[in-house]
Amino acid sequence: MDSALHPEAAALLARSRRLGADPRNTNYAGGNTSAKGTATDPVTGTGVELMWVKGSGGDLGTLTGDGLAVLRLDRLRALVDVYPGVEREDEMAAAFDYCLHGKGGAAPSIDTAMHGLVDAAHVDHLHPDSGIALACAADGEKLTAECFGDTVVWVPWRRPGFQLGLDIAAVRAAHPQAIGCVLGGHGITAWGDTAEEAERHSLHIIRTAEAFLAEQGKAEPFGPVIEGYEPLPEAERRERAAALAPHVRAIASQDRPHVGHFDDSDVVLDFVSRTEHPRLAALGTSCPDHFLRTKVRPLVLDVPPTAPLEEAVARLKELHAAYREEYAAYYRRHAQPDSPAMRGADPAIVLVPGVGMFSYGRDKQTARVAGEFYLNAINVMRGAEAVSTYAPIEESEKFRIEYWALEEAKLRRMPKPKPLATRVALVTGAGSGIGRAIAHRLVAEGACVVVADLNAENAAAVAEELGGPTATRNDVAVAVTADVTSEEQIAEAFRAAALAFGGVDLVVNNAGISLSKPLLETTAKDWDLQHDIMARGSFLVSREAARLMIAQGLGGDIVYITSKNAVFAGPNNIAYSATKADQAHQVRLLAAELGEHGIRVNGVNPDGVVRGSGIFAAGWGAQRAATYGIEEDKLGEFYAQRTLLKREVLPEHVANAVFALTGGDLTHTTGLHIPVDAGVAAAFLR
């Protein structure tokens, strides 16, 4: 717990969180901070000099004590005597493990040397847009001197590592008046004798650079607006984005599936509307954190936003083919015999003038953060172009970072993806009962979920259960209001899925109601309502799902929650059972039709799901209890006793079956119905 930390470490956490909370100071998971202090060695009982530093992969804004690496300062500084030189500096990363104090906490990052070798009690290394703008300007050294005088020193580009730590330590020793430095092509580092002083120096560098760029910069650093490339009106823009999304996701997922994120903020729309955006985008990003997340450069669509959709999609495919060829050539130009294998040639960022930016990653958070990093890159380019010319580091240096052996090792340490990672699910009727249980199971297995329900409050509540507030930044689930009898509301639900996560891979037709009446009491209105919601509704949902899945070209799953009543002839149930039989045959028909697109269609036949069921709570339970002549609260027991296993069926049992069909073990199964009824012999499939 933070309360048990050394006072210097506790102060470090507080400072880190303040700095990381403001995106002007550093990007997500970017930068690192440190503090030095004396603690008691539990072995000798004497004082020992320690350093606490943000560990590898942590985020400053949410840093906790567990995210700190703790090292002995004497051992860390003794590494200078065994340093084999810049050509072998990667070997030093493993040496940090021999400097850990006790268990050492988090894994030390590559920037550990920078913090340990600099003669200052507190050090901040950050990636502010304003600082990187100076660092990536063609005459960054001159501009740094103009902006700060001799209080901030220019350090030419050097890849992060032990030698950079030595370089900054030398700067600190040679310039006692300096409060920090600008690292060419990279970011800033500041220091101080106290935590407060280091933070003050960091903020001074960042804010002074911001003011310098604003006061000295030209008004339109990206050039004038290209006629016809202005942003579309918001509603039209987002409709166009939703229409493009599955096609863009298809090109971003050729090597491996990815989840998407869409951003149509003013920063993006302004950039892609200006004359200089093709030149600047082609130069790529510069800060190591940027291009590790965004790839070396984005793919930029070069047709106006009013072009016919078919033309835009065709051009995207042409550009994608060229992008892949160029990326493979980039890899061949710089790869060494011991370089990691090429990780994939698809873009992580796709820019669409007049519409916005699509970004991609292994999950929603990674996709969103990639987009945020490209926003940082746009800000950097704007600042550099305002006062000079944007001049990122050489391509060969970018390759060394992107295919760094240490970065490859970090990737290999990542946990194995969950079975449904990268998959986006849309579940109808997910605001309660079986649908809610299915949504929970899919999220637990790694999927992103669109919670669709007629009841907006219920949908929002479930989305919040799954992943927090139902805001646009939600990385797990979003809620949509969807009446499955409405073609427009269904289309809007899929548009929302495309904008939130890039598309849809897995659809569960679960929405339904039930009216239990004998034939002579069943009205035409009862019949129509039952069929409109379940038979017609699932048809409409499946049709929209198929359109999107075919456009994506990634295959997909459609699962119908049908019923034991699809094959079992029970009393007083004509409308409900007939529509369930309709749904059951839709499974077979669509399996036959959609198989050529890699889309599998299967069904689950539950029975007697009383506890937690929205249908039973809405009156169906009372009607069925009356039919069987029992108390309503005994209905679950009644259903259990008529089964072969004598077990009650719960919503999570149905959810388990959905996962069994979609989790990766039944890849060659389509057109199947799985009974989840604890064994009802009369409903055996044959």
Side-chain angles (χ1 to χ4, degrees), residues 24-27 30-32 86 89 110-111 113-115 117-120 123-192 197-198 200-217 221 283 285-291 376-377 379-394 396-398 400-401:
R24 294 178 299 170
N25 298 336
T26 200
N27 41 34
N32 29 67
V86 69
E89 71 170 342
I110 193 63
D111 288 317
M114 177 193 306
H115 293 270
L117 301 182
V118 170
D119 185 19
V123 179
D124 296 333
H125 169 59
L126 304 170
H127 301 148
D129 294 345
S130 60
I132 304 174
L134 294 178
C136 293
D139 50 353
E141 183 173 6
K142 173 176 169 288
L143 293 170
T144 297
E146 288 180 16
C147 183
F148 299 106
D150 64 354
T151 62
V152 176
V153 182
W154 174 266
V155 176
W157 160 259
R158 186 180 292 280
R159 187 176 59 156
F162 202 85
Q163 186 61 52
L164 181 59
L166 289 171
D167 292 350
I168 298 176
V171 165
R172 163 69 168 157
H175 300 273
Q177 80 287 357
I179 64 171
C181 52
V182 171
L183 312 181
H186 188 163
I188 70 165
T189 297
W191 46 75
E197 185 177 59
R200 188 167 64 250
H201 288 168
S202 292
L203 294 175
H204 172 76
I205 295 173
I206 295 165
R207 303 295 176 256
T208 302
E210 287 175 355
F212 178 82
L213 296 172
E215 294 165 6
Q216 303 296 320
L283 289 173
T285 55
S286 185
C287 174
D289 269 20
H290 291 180
F291 56 77
N376 292 133
N379 291 333
V380 167
M381 289 186 276
R382 180 188 295 106
E385 289 283 308
V387 295
S388 178
T389 301
Y390 175 62
I393 61 176
E394 294 294 325
S396 59
E397 286 298 295
K398 292 181 181 181
R400 289 182 68 204
I401 295 289

Excluding sequence neighbours, so at least two apart, what forms salt bridge (charged side-chain N to carboxylate O under 4.0 Å, His left out) with R158?
D167
Least distance between heavy atoms, P288 atom then W157 atom:
CG-CH2, 3.9 Å
CG-CD distance between L166 and E89, expressed to the nearest 0.5 angstrom:
9.0 Å
Reported CE-to-OG1 distance for the pair M381 and T285, which is rounded to 0.5 angstrom:
8.0 Å
Assess whether atom CD of E394 is packed by more than 12 heavy atoms of other residues, nucleotides or ligands within 6.0 Å.
no
Where at least one partner belongs to residues 127-143, residue pairs that pass salt bridge (charged side-chain N to carboxylate O under 4.0 Å, His left out), sequence neighbours excluded
K142-E146
By salt bridge (charged side-chain N to carboxylate O under 4.0 Å, His left out) - contacts of E397 (at least two apart):
R400
Could you tell me the separation between the CG atom of N32 and the CD1 atom of I110, rounded to the nearest 0.5 Å?
10.5 Å
Would you compute the distance between atom CG of L213 and atom OG1 of T208 and round it to the nearest 0.5 angstrom?
11.0 Å
For a side-chain contact (heavy atoms from CB on, under 4.5 Å) check, start with the C-alpha distance between S286 and V380, then their side-chain angles and the critical distance, and finish with the verdict.
CA-CA 9 Å; S286 185; V380 167; 5.8 Å; no
Answer whether the closest heavy-atom distance between the side chains of P160 and I401 falls below 4.5 Å.
yes
Closest heavy-atom pair, W191 versus C181, reported as atoms and distance to 0.1 Å, is CZ3-SG, 4.1 Å
Indicate the atoms forming the closest heavy-atom contact of V118 with A169, along with that distance.
CG2-N, 4.0 Å
Step by step, would you call T189 with V123 a side-chain contact (heavy atoms from CB on, under 4.5 Å)?
CA-CA 7 Å; T189 297; V123 179; 3.8 Å; yes
Closest non-hydrogen atom pair, S388 against A138
OG-N, 3.5 Å
Distance-minimising heavy-atom pair for A137 and L143
CB-CD1, 3.7 Å
To the nearest 0.5 Å, atom CG of N25 lies from atom CG of L126 at 6.5 Å
For the pair H127 and H186, name the ring-plane relationship: parallel under 30°, tilted 30 to 60°, perpendicular over 60°.
tilted
For the student: nearest non-hydrogen atoms of E385 and P221, plus distance:
CB-O, 3.7 Å
